[in-house]
Amino acid sequence: MTEQNKSLLSPDAVGNAQARISRLVSGLRQVLLGKEETIDEVVAALLAHGHVLLEGLPGLGKTELVKALSRLLSLDFRRIQFTPDLLPTDITGSHILQERDGRKDFVFHPGPVFTNLLLADEINRASPKTQAALLEAMQERRVTTFGETRALPNPFFVLATQNPIELEGTYPLPEAQLDRFTFKVEISGVERSVLEEILVTRVHGVPPTLEPVIHANELQELFAMVDAVFLPRAVANYIARLVAATHPKSPEAPEHVRNFVKYGSSPRGAIAIGAAARGLALLRGKPNVGFDEVRRIAAPALAHRLVLDYSARLEGYDGRRVVAALLDGVSEVERGLPQTLEAR
Amino acid sequence: MNPLPDPVASVLRRLRRRLTIGVFLDIWPRWAFGSLLSAGVVAISCRLFIPRAASALNWLWFAPVIASIPAVLLTLSRSYRPEQIAALADSLKGGEGTLLAVLEIQDPAWVSSRTIAGFSQLPMPRLRAWRKLGAIVPAVTFLAIALMMPQRTPAAEKGMLANDIAADLQATLNELKKQDVITPNEDKEFQDEIERIRKDASEKLDASSWEASDAMREKFAAKLAEKQDAMKWAADSLSNFAAAGDSDASMTKALAGELGTAIDKLSQTGLLANAPADLQKLLGGKDAIAGGKTQLPKDAASLRKLAASLSKYLAGRSGELAAIGKLGKEAGRFDPTEFPLFSDERGPDGDGDPGSGGINRGRGDADLTWGKESALTDRFKSVPLPPGSYRSPDDWTPLAVLPGAPKESPEPSLASSGVQFAGITGPAAVRRTLAPRHYSAVKKYFENSK
């Protein structure tokens with residue numbers, strides 16, 4: 001357990017970090033046009049050592065985003081196309097009987113999970129057993145096979161994608177596995193102007209070639225700086241109240257939460273918000289987290305952690321709408337303005 | 001807040017003052033409302049029961065001022081702490097969190113940053129006092145109405161009036177007693193009646209109290225008139241007896257008998273109770289007079305002596321009774337001359353009947369008539385009804401269809417809509433849109449399975 005620093009990052013350090021992160025962001029924006037908010041969320045999650053679940057229709061650039069990220073960060077990148085017949089050992093690796101030095105022995109052959117950046121494409125097409133193989137890897141950042149535990153490379157990120165349609169023959173991710181994703185980022189369709197830009201700049205739809213902008217040692221420095229971003233007590237209190245209010249039995253729960261949510265977020269949700277808000281604050285050039293970062297991060301961090309009641313579906317509410325209602329219902333400061341005062 | 005630049009610290013101090021005012025205005029209106037209501041209740045109570053406090057009631061307008069004392073104390077106990085003020089300031093500025101971080105860590109490198117300097121332009125929250133103060137208006141109105149109420153007559157004055165009524169009657173009775181025109185029995189009866197009127201009036205003082213008083217005076221007058229009549233009868237009998245002389249023995253005897261009856265009546269009214277001793281002796285003594293069974297003397301000489309003595313006595317008493325007779329006139333007996341409009345015997349409508357409406361429906365106890373009644377032996381005759389008619393569906397055929405009238409459109413029946421979705425199974429069936437009319441059925445199903 002590490003406590004946060006009792007000093008703020010210097011303005012110069014914050015400026016340098018922001019400049020580096022901005023290079024990464026601008027590179028990603030060259031690949032994924034018109035998706036600034038999605039890119040900010042993915043970068044903030046990566047800076048917080050988090051995994052991201054990307055959900056969107058085919059052809060919206062989910063895979064390209066992940067590939068661009070690996071190129072810009074000069075990280076090792078592997079891709080697994082999840083199918084119903086994929087086995088856990090296809091991910092973690094397995095021991096193969098092999099002759100070495102005149103004797104036969106089981107030799108471990110690492111699977112694709114031994115990488116820095118793992119793209120789990122269409123993760124909901126694999127069987128629950130195979131999906132569960134990712135659990136230990138994502139949470140503990142290590143893999144156990146044949147009783148032997150091996151650490152995964154540092155950094156290790158999982159960026160999974162899933163398609164919200166064509167649900168025939170799919171296995172929805174269980175809540176326990178969803179909880180391990182820092183963010184669930186929904187990638188929506190592109191606007192007409194963006195389509196026009198794509199047609200003009202990309203003849204065959206191939207994105208521009210990217211060069212690494214952040215090297216491994218710089219990335220480690222950035223991680224250290226993200227951890228040093230200060231989280232004020234009042235903002236931590238706001239995060240705690242937000243997450244507590246996701247539970248329908250909480251006295252602070254807004255009406256929509258009480259009506260539509262069956263189970264609220266785990267403490268992991270609050271940790272994810274705190275960590276990702278630090279990353280976003282550094283991306284914005286700030287030495288501390290503010291209320292606005294928390295509000296910005298809350299929806300992707302909490303929406304997939306809420307187990308909604310059947311009535312939410314009947315009324316057309318999804319996780320993001322419930323979180324929006326939550327943000328409206330929980331004030332930033334624990335003790336707000338007196339009733340006779342009104343903010344301008 | 002020491003590490004902050006002066007302009008920012010000044011803004012935070014302004015925010016603290018404004019928050020304190022806001023807290024006070026959150027608290028005070030409730031107290032003011034309660035105090036004004038209490039003052040209104042006190043005002044109503046004083047108007048009803050405590051007339052002496054009427055002059056001091058306007059001081060109740062100071063109730064809200066007094067209520068501000070506990071409100072101030074509560075405001076001080078609930079005032080915002082410095083970290084709460086900083087959090088609010090940061091939130092009002094957009095929620096960047098830098099002010100919070102600087103105040104918590106006091107890092108000099110960021111104290112002079114542009115972000116912190118921007119707090120000198122913090123938008124102060126606006127005061128919306130009328131939201132709370134509006135609730136006081138009904139309470140102020142209540143107190144104003146309570147103070148405008150007329151002062152109620154207290155129960156003590158009611159008792160005083162009852163005593164006045166009884167005292168007037170008692171004075172009349174005392175006057176009658178002084179003139180020796182009522183007997184002890186009558187005196188007791190009147191005393192009891194006066195006490196009853198006084199008691200009734202002290203319990204409920206209204207028009208009936210004065211009506212009872214008037215009725216009592218009428219009783220006095222009636223009793224006085226009765227005594228005057230007895231005296232007049234005695235005087236007439238005496239004059240007749242004196243005029244007859246000794247001319248006719250049978251006439252004299254008859255007149256003496258009438259005189260005896262008149263004297264008996266006079267003694268029953270109590271007017272002979274204080275007669276001179278010689279007169280009482282001639283009439284058979286005090287006991288005979290008190291019992292109303294006087295005896296006239298047998299011999300003519302004694303009879304003449306009695307006539308002379310009684311005449312002298314009645315002459316003296318008649319003057320006194322005439323003076324007392326005024327009481328009867330003051331008693332409010334009905335005097336037709338006071339009502340000239342109704343003095344005409346034929347009445348205002350001229351028909352001579354009670355009521356002035358001009359419509360005479362006859363006496364109330366007149367026999368009722370039932371018109372033409374059938375005899376018991378009559379038989380009812382059957383009368384056939386007119387023939388009816390059947391309505392044809394053509395009667396409802398529209399004559400014209402106006403443009404814009406709604407047209408029928410074939411809705412899919414329940415069976416056909418079932419067929420429409422019969423092929424959809426699996427997750428696609430789960431994602432199928434649920435018609436609003438089926439919401440209740442689905443909710444019921446899931447709630448039963450909980």
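Everything numeric in this text was worked out from a predicted model, so none of it was measured. What's counted below: heavy atoms across the whole structure, side chains too, no hydrogens, waters or symmetry copies. Just so we're on the same page: letters track the sequence lines, and every chain starts at 1.
- Within the 4.5 angstrom heavy-atom criterion, atoms from both the backbone and the side chain of B:Leu127 approach chain A.
- Rounding to the nearest 0.5 Å gives a distance of 13.5 Å between OG1 of A:Thr340 and CH2 of B:Trp130.
- In terms of heavy-atom proximity, B:Arg126 sits nearest to A:Ala343 at NH2-O, 4.4 Å.
- A:Ser311 OG to B:Glu447 CD: the interatomic distance, rounded to the nearest 0.5 Å, is 8.5 Å.
- In this structure, chain A has a heavy atom under 4.5 Å from the backbone of B:Ala129, while its side chain stays farther away.
- Within 6.0 Å of the CZ atom in B:Arg30, the count of heavy atoms belonging to other residues, nucleotides or ligands does not exceed 12.
- For B:Gln84, the part sitting under 4.5 Å from any heavy atom of chain A is the side chain, from C-beta outward, and nothing else.
- Note that the CD atom of B:Glu96 and the NZ atom of A:Lys286 stand 5.0 Å from one another [nearest 0.5 Å].
- In terms of heavy atoms, B:Trp110 sits closest to A:Pro11 at CZ2-CA, 3.6 Å.
- Annotation: side chain of A:Pro338 is in contact with side chain of B:Tyr80 (closest heavy-atom distance under 4.5 Å).
- Ranked by heavy-atom pairs under 4.5 Å with chain A, the list B:Leu19, B:Leu92, B:Thr98 is led by B:Thr98.
- Of the listed residues A:Val235, A:Leu341, A:Val333, the one with more heavy-atom pairs under 4.5 angstrom with chain B than any other is A:Leu341.
- Counting heavy atoms of neighbouring residues, nucleotides and ligands inside a 6.0 Å radius, atom CG of A:Asp328 exceeds 12 of them.
- Heavy-atom minimum distance, A:Gln339 versus B:Asp26: N-OD2, 2.8 Å.
- Atom OH of B:Tyr439 is surrounded by more than 12 heavy atoms from other residues, nucleotides or ligands within 6.0 Å.
- The closest donor-acceptor contact from the side chain of A:Tyr310 to the backbone of B:Phe446 lies at 3.5 Å or more, if one exists at all.
- Taken from CG in B:Asp90 to CG in A:Asn288, the straight-line distance is 8.0 Å, to the nearest 0.5 Å.
- The structure places CG of A:Asp292 at 11.5 Å from NZ of B:Lys93, a figure rounded to the nearest 0.5 Å.
- Annotation for B:Ala87 and A:Phe291: closest pair O-CE1, 3.9 Å, computed over non-hydrogen atoms.
- With respect to chain B, the highest number of heavy-atom pairs below 4.5 Å among A:Pro287, A:Ser331, A:Gly290 belongs to A:Pro287.
- Surrounding CZ of A:Arg296 are more than 12 heavy atoms belonging to other residues, nucleotides or ligands, all under 6.0 Å away.
- Contact count against chain B (heavy-atom pairs under 4.5 Å) is highest for A:Arg233 among A:Arg284, A:Arg233, A:Glu334.
- Proximity to chain B is limited to the side chain of A:Val14, based on heavy atoms less than 4.5 angstrom apart.
- Residue contact with chain A, scored on non-hydrogen atoms closer than 4.5 Å, involves the side chain of B:Asp107 exclusively.
- Within 6.0 Å of atom CD in A:Glu37, 12 or fewer heavy atoms from other residues, nucleotides or ligands are found, so the atom counts as exposed in its surroundings.
- Under the 4.5 Å side-chain criterion, counting only non-hydrogen atoms from C-beta, A:Glu342 is not in contact with B:Pro125.
- A:Leu337 contributes atom CG, which lies 11.0 Å from atom CZ of B:Arg18 (distance to the nearest 0.5 angstrom).
- Taking all atoms of both residues into account, the shortest heavy-atom contact from B:Val23 to A:Arg335 is CG2-NH2, 4.0 Å.
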